[in-house]
Amino acid sequence: MKGMILAAGEGTRLHPLTQNLPKPMVRVSGKPILEHNIRLLSHYGIREVVVNLHHSPEAITSYFGSGESFGVSITYSYEPSLLGTAGAVKKMESFFDEPFLVVYGDNLTNCSIEQFQAFHREKKGIGSIALFYRENPESSGIASLDENDKILHFIEKPRTQEIFSRWVNAGFLILEPEILKYIPSDRASDFGKEIFPELIKNGHTLYGYKMKEQLWWIDTLEDYQKLQELSLKGSLTLL
């Protein structure tokens, strides 16, 4: 399996930390967030990885180089203008010739990619979304599921009155190459805002994998401070 880590976001809510640094290069437990994610993929045997770039790209390329020192081979995809989560993947369409993993590179998790892969193989949908239970889901994409884990409804960043679930997109996706033909090539697009709702509306099957592992968001400076405190206490269980 190949993987793509989305690392092009500007992370404006983490200013001043991200003033001259991509958000995935902010350090947690002594390593950039992106390094934790690359090592997670390598641990589960994913050796070919794409990383997209936009804000201060040299901070990433100079640190990771070819990826060899981190157990992977990295292909970089520079975006002069941000393409969105789906548009970034569409740009690298020729790279993906089998089911592949997409990781939102500004989160941290100890998700078992092996179990997630097994789930996707069993369900045989066009895509599987790792889901995490979040008490306040307003800043995430939420999904409702049937008894077979099929996603019935998906909304990105719901308003309070729209919340129908607290199972949210964890930023780990396993997608079939077929999904790429439903992503526009002439503009930016987003999985949560556009692609997932459209796929469901048009009868394509997406499944939700309810994670039992941990996920840590780093949306704000307060989130980052809490994560650093967990790290200092030794309560952050990363690879």
Side-chain angles (χ1 to χ4, degrees), residues 1-11 14 17-18 21-79 82 84-86 88-89 92 95-96 99-117 120 128-132 140-141 168-175 191-192 209 211-219 223-224 226-228 230-231 236-239:
M1 177 176 278
K2 297 176 182 178
M4 182 164 187
I5 302 178
L6 303 177
E10 296 182 2
L14 283 185
L17 291 176
T18 52
L21 194 70
K23 182 179 174 182
M25 291 302 291
V26 170
R27 289 178 180 257
V28 175
S29 296
K31 298 184 180 70
I33 297 166
L34 185 54
E35 181 175 346
H36 288 293
N37 281 311
I38 286 174
R39 291 189 182 278
L40 180 69
L41 268 59
S42 177
H43 175 79
Y44 285 103
I46 298 174
R47 305 289 183 226
E48 295 182 70
V49 178
V50 176
V51 176
N52 71 329
L53 308 170
H54 174 69
H55 172 53
S56 301
E58 67 286 346
I60 292 176
T61 56
S62 63
Y63 187 91
F64 291 100
S66 68
E68 183 179 358
S69 299
F70 302 90
V72 298
S73 173
I74 299 177
T75 299
Y76 295 105
S77 174
Y78 177 68
E79 299 174 15
L82 288 170
T85 56
V89 177
M92 295 303 297
F95 187 80
F96 301 113
F100 59 96
L101 178 72
V102 177
V103 176
Y104 293 19
D106 56 357
N107 296 330
L108 283 174
T109 184
N110 53 13
C111 178
S112 170
I113 295 174
E114 182 180 13
Q115 291 182 26
F116 189 23
Q117 283 181 289
H120 179 74
S128 298
I129 306 171
L131 302 174
F132 185 80
S140 304
V168 307
N169 179 6
F172 267 62
L173 319 171
I174 296 180
L175 307 174
F191 281 118
Y209 169 74
M211 285 175 52
K212 298 180 178 65
E213 302 86 359
Q214 289 297 308
L215 179 75
W216 297 275
W217 273 274
I218 313 170
D219 292 338
D223 293 337
Y224 180 66
K226 288 178 180 177
L227 204 57
Q228 293 291 56
L230 285 176
S231 178
L236 200 60
T237 51
L238 298 167
L239 289 177

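Every heavy atom of this structure was used, including side-chain atoms; hydrogens, water molecules and symmetry mates were not.
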Could you tell me the separation between the [atom1] atom of [X] and the [atom2] atom of [Y], rounded to the nearest 0.5 Å?
X      : Y      : atom1 : atom2 : result
Leu173 : Ser128 : CG    : OG    : 9.5 Å
Leu108 : Asn37  : CG    : CG    : 6.0 Å
Phe70  : Leu41  : CZ    : CG    : 14.0 Å
His54  : Tyr78  : NE2   : OH    : 6.5 Å
Ile38  : Phe64  : CD1   : CZ    : 4.0 Å
Ile129 : Phe191 : CD1   : CZ    : 9.5 Å

Least distance between heavy atoms, [X] atom then [Y] atom:
X      : Y      : result
Ala7   : Val51  : CB-CG1, 3.8 Å
Phe95  : Val49  : CZ-N, 4.4 Å
Pro32  : Tyr63  : CD-OH, 3.4 Å
Met211 : Cys111 : CE-CB, 3.9 Å
Ser29  : Gln228 : N-OE1, 3.9 Å
His36  : Val28  : NE2-O, 2.7 Å

Would you please name every residue forming a salt bridge (charged side-chain N to carboxylate O under 4.0 Å, His left out) with Glu35, sequence neighbours left out?
->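 Salt bridge (charged side-chain N to carboxylate O under 4.0 Å, His left out) check on Glu35 returns Arg39.
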Quick check: do [X] and [Y] have side-chain heavy atoms less than 4.5 Å from each other?
X      : Y      : answer
Leu101 : Val103 : yes
Tyr76  : Ile60  : yes
Ile218 : Val26  : no
Leu236 : Ser231 : yes
Val102 : Leu6   : yes

Check for a donor-acceptor pair, side chain of [X] on one end and backbone N or O of [Y] on the other, with a separation under 3.5 Å.
X      : Y      : value
Thr18  : Gly11  : yes
Lys2   : Val50  : no
His120 : Pro99  : no
Asn110 : Thr237 : yes

Would you check, one step at a time, whether the test side chain to side chain contact (heavy atoms under 4.5 Å, CB included) holds for Met4 with Thr75?
-> CA-CA 9 Å; Met4 182 164 187; Thr75 299; over 6 Å; no
Please report the C-alpha distance between Leu238 and Lys31 in whole Å, then the side-chain angles of each, then the deciding distance to 0.1 Å, and finally whether the side chain to side chain contact (heavy atoms under 4.5 Å, CB included) criterion is met.
-> CA-CA 11 Å; Leu238 298 167; Lys31 298 184 180 70; over 6 Å; no
Taking everything shown except Glu68 itself, do over 12 heavy atoms lie less than 6.0 Å from its CD?
->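 No - once you tally the heavy atoms of other residues, nucleotides and ligands closer than 6.0 Å, there are 12 at most.
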Report the C-alpha distance between Val72 and Ser42 in whole Å, list the side-chain angles of each, state the deciding distance to 0.1 Å, and finish with yes or no for side chain to side chain contact (heavy atoms under 4.5 Å, CB included).
-> CA-CA 6 Å; Val72 298; Ser42 177; 3.8 Å; yes
Side chain to side chain contact (heavy atoms under 4.5 Å, CB included) between Gln115 and Glu213, worked out = CA-CA 11 Å; Gln115 291 182 26; Glu213 302 86 359; 4.2 Å; yes
Going by the ring pair (Phe, Tyr, Trp, His ring centres under 6.0 Å) test, name the single residue among Phe132, Phe172, Phe116 that passes it with Tyr209.
->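 The single option meeting the ring pair (Phe, Tyr, Trp, His ring centres under 6.0 Å) with Tyr209 is Phe116.
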